[in-house]
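By convention here, the first residue in the shown sequence is residue 1. The figures that follow rest on heavy atoms only: side chains count, while hydrogens, waters and symmetry mates do not.
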Amino acid sequence: MTTYGYAKVAEGCLATPGLIAHVLTNRYCDHLPLYRQSQMLACHGVAVARSTLAD
């Protein structure tokens, strides 16, 4: 049995490509500010700072 993981976006990065695509789509297509995205993720139990989203 083999388990396949997600491809690394950058060395040391824990974010999946799907999460990065979600953040970028919300930011640039839906014009959703990073502080709102941070609040929305916190509601789902994921604590991500705005500074982390901006990196």
Side-chain angles (χ1 to χ4, degrees):
M1 185 168 170
T2 304
T3 304
Y4 296 101
Y6 292 103
K8 293 272 185 179
V9 177
E11 189 64 35
C13 181
L14 297 176
T16 63
L19 176 62
I20 293 173
H22 179 75
V23 170
L24 292 176
T25 300
N26 281 339
R27 176 70 182 109
Y28 295 107
C29 295
D30 299 336
H31 308 288
L32 191 63
L34 294 176
Y35 78 92
R36 288 192 188 156
Q37 291 188 53
S38 179
Q39 291 172 348
M40 290 171 58
L41 290 169
C43 288
H44 295 286
V46 180
V48 180
R50 278 187 287 177
S51 60
T52 303
L53 290 173
D55 286 342

Closest non-hydrogen contact found for Gln37 with Arg27 is NE2-N, 3.5 Å
List for me each residue that meets side chain to side chain contact (heavy atoms under 4.5 Å, CB included) alongside Asp30, sequence neighbours excluded, and say none if there are none.
Thr25, Asn26
If you link I, L, V, M, F, W and Y whenever their side-chain heavy atoms are under 4.5 Å apart, who else ends up in the same group as Val23?
Leu19, Leu34, Leu41, Val46, Val48, Leu53
